[in-house]
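The residues of the chain are indexed from 1 along the displayed sequence. All heavy atoms count here, side chains included; hydrogens, waters and symmetry mates do not.
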Amino acid sequence: QVQPVESGGGLVQAGGSLRLSCAASGGTFSNYVMGWFRQVPGKEREFVATISISGTSTYYSDAVKGRFTISRDNAKNTVYLQMNSLKPEDTAVYYCAAARLGGLVVRANHYDYWGQGTQVTVSS
């Protein structure tokens with residue numbers, strides 16, 4: 001099994017950029033579809049982006065499409081989320097997750113392993 005660990009969160013002004021990283025240890029990273037989710041207090045965890053095992057296919061939520069880019073480096077066991085043109089409504093705890101499935105995975109309950117999350121705060 002893999003253990004994802006997120007990093008790269010922080011405080012940024014609206015319009016700015018951040019890059020989140022998720023390093024996965026303990027398993028064969030290239031066997032897993034990877035995804036990013038986010039959550040604010042009192043709300044359900046929200047899908048952000050997912051990337052296929054090979055990295056050739058990606059899918060985004062409408063809320064982030066055109067601003068965020070997910071990528072992965074299987075040699076480094078790491079998945080990234082480049083976030084540009086950040087908005088205050090992007091403020092959340094961001095989670096990385098791994099799924100033992102093929103294709104692209106959107107539903108949170110289809111993911112098997114989760115990181116602890118990293119806080120992203122966007123000030124107006």
Side-chain angles (χ1 to χ4, degrees):
Q1 63 185 39
V2 295
Q3 179 56 58
V5 178
E6 304 92 341
S7 61
L11 174 64
V12 63
Q13 288 188 332
S17 298
L18 279 176
R19 188 175 84 154
L20 305 183
S21 299
C22 172
S25 61
T28 305
F29 178 75
S30 58
N31 286 348
Y32 294 85
V33 172
M34 300 299 295
W36 286 96
F37 289 75
R38 64 188 183 185
Q39 190 170 23
V40 298
K43 292 191 176 182
E44 291 188 357
R45 197 162 292 189
E46 174 191 13
F47 167 75
V48 174
T50 181
I51 188 166
S52 62
I53 288 173
S54 66
T56 56
S57 297
T58 58
Y59 184 76
Y60 300 90
S61 71
D62 288 342
V64 308
K65 194 177 301 180
R67 300 187 297 121
F68 290 10
T69 302
I70 187 172
S71 61
R72 67 189 295 164
D73 185 339
N74 286 344
K76 295 183 177 180
N77 291 353
T78 302
V79 62
Y80 305 96
L81 186 68
Q82 178 66 45
M83 305 186 294
N84 298 330
S85 302
L86 283 160
K87 305 175 182 179
E89 52 263 44
D90 294 318
T91 295
V93 176
Y94 283 71
Y95 296 91
C96 172
R100 292 175 296 182
L101 294 170
L104 298 169
V105 183
V106 175
R107 296 181 62 171
N109 61 0
H110 288 174
Y111 281 84
D112 302 288
Y113 305 106
W114 292 83
Q116 294 299 307
T118 186
Q119 176 71 46
V120 172
T121 303
V122 184
S123 63
S124 57

Any donor and acceptor pair, going by atom type alone, linking the side chain of [X] with main-chain N or O of [Y] inside 3.5 Å?
| X | Y | result |
| --- | --- | --- |
| S52 | L104 | no |
| Y111 | V106 | no |
| R38 | E46 | no |
| T78 | K76 | yes |

Without placing hydrogens or testing angles, list every side-chain donor-acceptor pair under 3.5 Å for residues 7-34, not counting sequence neighbours.
unit_1	atom_1	unit_2	atom_2	d
S17	OG	N84	OD1	2.9

Establish whether Y59 and I51 are linked, either directly or via other cluster members, by ILVMFWY side-chain heavy-atom contacts under 4.5 Å.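 Not linked; separate clusters.
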
Hydrophobic cluster membership, V2 vs Y94, 4.5 Å side-chain cutoff: yes

Hey, are the side chains of [X] and [Y] touching, using non-hydrogen atoms and a 4.5 Å cut-off?
| X | Y | result |
| --- | --- | --- |
| Y60 | T50 | no |
| W36 | I70 | yes |
| Q1 | Y113 | yes |
| L81 | V48 | yes |
| C96 | V79 | yes |
| Y95 | T118 | no |

Residues D90 and K87 bridged, charged N to O under 4.0 Å: no

Quick check for you: to the nearest 0.5 Å, what is the distance between R107 atom CZ and L101 atom CG?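 One gets 11.5 Å once the value is rounded to the nearest 0.5 Å.
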
Check whether more than 12 heavy atoms from other residues, nucleotides or ligands sit under 6.0 Å from atom CD of Q116, and answer yes or no.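 It does not: Q116 CD has 12 such atoms or fewer within range.
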
For K43, look at atom NZ and say whether over 12 heavy atoms of other residues, nucleotides or ligands are found less than 6.0 Å away. no

If you take the centroid of each ring, where Trp contributes its six-membered ring, are F47 and F37 closer together than 6.0 Å? yes

V122, V40, L86, V120 screened by side chain to side chain contact (heavy atoms under 4.5 Å, CB included) with T91, the one that passes: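 Among V122, V40, L86, V120, the one meeting side chain to side chain contact (heavy atoms under 4.5 Å, CB included) with T91 is V122.
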
Among residues two or more places apart or on two chains, list those pairs meeting salt bridge (charged side-chain N to carboxylate O under 4.0 Å, His left out) that have a residue in residues 109-124. R100-D112

